[in-house]
Amino acid sequence: IGVSIYVSSMGMLIAHVSTLALQPLPQIAGFAASILGTGTIMCATIYIFLFSMLFSPSILSIALAICIAGVGCVIAFESYRFFSLHVSQS
């Protein structure tokens with residue numbers, strides 16, 4: 001049940017987050033959407049390839065994959081905030 005709640009919440013969240021990510025670029029929204037889609041597919045491909053090597057028929061491998069993806073998202077977000085603050089100050 002937990003995995004189905006996680007997957008359905010991500011399905012509802014991704015559309016809204018993508019819209020917010022494209023909001024600052026209305027003049028090139030089509031190009032930005034294609035770059036966003038390509039990046040998403042490339043990240044998913046790498047993620048699936050890496051975790052297919054860890055596959056075991058248990059819920060533990062799925063939980064581990066979700067945790068590692070969450071940590072990776074936090075690291076990416078914090079590094080973006082760190083670099084955007086330093087660039088805007090200079």
Side-chain angles (χ1 to χ4, degrees):
I1 284 186
V3 173
S4 63
I5 291 172
Y6 174 78
V7 170
S8 61
S9 352
M10 288 305 294
M12 290 185 276
L13 182 71
I14 287 175
H16 297 293
V17 172
S18 297
T19 303
L20 289 174
L22 296 176
Q23 227 172 13
L25 308 167
Q27 64 275 16
I28 55 167
F31 178 71
S34 67
I35 296 297
L36 182 66
T38 302
T40 302
I41 296 297
M42 288 174 57
C43 288
T45 303
I46 293 167
Y47 185 73
I48 289 170
F49 175 73
L50 292 175
F51 280 100
S52 66
M53 290 188 253
L54 297 174
F55 180 77
S56 66
S58 72
I59 195 70
L60 187 61
S61 62
I62 295 172
L64 175 68
I66 290 172
C67 289
I68 290 174
V71 169
C73 288
V74 168
I75 289 170
F77 178 72
E78 290 299 324
S79 64
Y80 169 75
R81 275 189 15 181
F82 176 76
F83 289 118
S84 65
L85 285 176
H86 288 301
V87 169
S88 65
Q89 289 177 356
S90 52

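For clarity, every value in this text was computed on a predicted model and none was experimentally measured.
In this structure, the separation between CD1 on Ile41 and CD1 on Ile46 is 12.0 Å, given to the nearest 0.5 Å. Summarising the geometry, atom CD1 belonging to Ile68 is positioned 12.0 Å from atom SG belonging to Cys73; distances are rounded to the nearest 0.5 Å. Rounded to the nearest 0.5 angstrom, Ile14 CD1 and Ser9 OG are separated by 10.0 Å.
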